[in-house]
Amino acid sequence: MAISQRLVDTSREIKVLTSYSWQESYQAALLETDWTKMQDRLQTAESEIHQRRLVLSQDHGGTDEERVALVNAMSGLRVLRMNVASWLERQNLGGTLVRKPVQHEPHPFRPTFQSSPDKAS
């Protein structure tokens, strides 16, 4: 038996963690400890995630894993936004975050249906 055969365990699966372009801003929002900077972190992360979802909806690229990660990231940011609102309320700041208006495109994972003209019989 060769040395290389003894050192390789084929029963173990090696998982390589995939990194996505939007993850850095998402992680920055999750790891931010200064509540006064949180609004900017949240908006940046949400914007980058929204842009990536838009790209995926237009070119049908990406992987199922990334699509799931995007949905999970947006859920995490919603929870974080609620925590920030609670913190602001405790600070007597009204409990609201001022959000910059975002122009939303159609949801990238739901088909849009356009009515077609009726065919004459």
Side-chain angles (χ1 to χ4, degrees):
M1 178 185 291
I3 292 174
S4 61
Q5 289 175 327
R6 285 185 280 161
L7 296 176
V8 176
D9 183 358
T10 58
S11 66
R12 291 186 180 186
E13 182 179 336
I14 299 173
K15 290 203 174 222
V16 176
L17 298 177
T18 305
S19 178
Y20 305 113
S21 60
W22 50 269
Q23 277 184 316
E24 188 174 326
S25 63
Y26 172 65
Q27 289 173 347
L30 292 180
L31 298 174
E32 181 59 66
T33 59
D34 184 345
W35 289 93
T36 62
K37 296 178 182 177
M38 189 65 70
Q39 179 176 348
D40 288 334
R41 298 278 192 208
L42 283 167
Q43 287 177 339
T44 300
E46 288 170 342
S47 176
E48 287 187 23
I49 289 170
H50 175 70
Q51 289 301 316
R52 180 59 181 155
R53 290 174 82 175
L54 182 60
V55 167
L56 290 176
S57 72
Q58 292 172 346
D59 70 9
H60 307 291
T63 63
D64 289 339
E65 290 81 13
E66 183 178 13
R67 291 177 191 279
V68 169
L70 285 163
V71 170
N72 290 339
M74 285 304 289
S75 295
L77 291 176
R78 275 191 294 278
V79 170
L80 185 56
R81 188 170 286 284
M82 288 187 295
N83 288 338
V84 172
S86 175
W87 178 83
L88 289 171
E89 187 66 39
R90 288 191 308 271
Q91 302 303 310
N92 295 319
L93 298 175
T96 59
L97 291 176
V98 178
R99 296 179 89 177
K100 296 175 188 172
V102 176
Q103 184 142 10
H104 292 283
E105 298 292 327
H107 192 285
F109 302 123
R110 291 192 188 121
T112 55
F113 299 99
Q114 296 178 353
S115 59
S116 58
D118 292 334
K119 294 180 182 178
S121 303

Neighbour count above 12 (heavy atom, 6.0 Å) for Glu24 CD: no
Verify same cluster id: Leu88, Leu30 (apolar side-chain graph, 4.5 Å): yes
Cluster overlap Met38 with Trp87, hydrophobic side-chain contacts below 4.5 Å: yes
Set of residues satisfying side chain to side chain contact (heavy atoms under 4.5 Å, CB included) with respect to Asn83, sequence neighbours excluded: Trp35, Val79
Partner residues of Thr63 under the side chain to side chain contact (heavy atoms under 4.5 Å, CB included) criterion, sequence neighbours left out: Tyr20, Glu65, Glu66
Side chain Ser47, main chain Thr44, donor-acceptor under 3.5 Å: no
Rounded distance (nearest 0.5 Å) linking atom CG of Leu70 with atom CD of Gln23: 9.0 Å
Qualifying residues under side chain to side chain donor-acceptor pair (under 3.5 Å), relative to Asp34, sequence neighbours excluded: Thr36
Electrostatic pair Arg41:Glu32 at N-O distance under 4.0 angstrom: yes
side-chain contact (heavy atoms from CB on, under 4.5 Å) between Arg81 and Gln43, intermediate numbers included: CA-CA 10 Å; Arg81 188 170 286 284; Gln43 287 177 339; 4.2 Å; yes
Closest contact, heavy atoms only, Glu48 versus Ser25: OE1-OG, 3.0 Å
Residues in side chain to side chain contact (heavy atoms under 4.5 Å, CB included) contact with Met74, at least two apart in sequence or another chain: Glu46, Ile49, Arg53, Leu77, Arg78
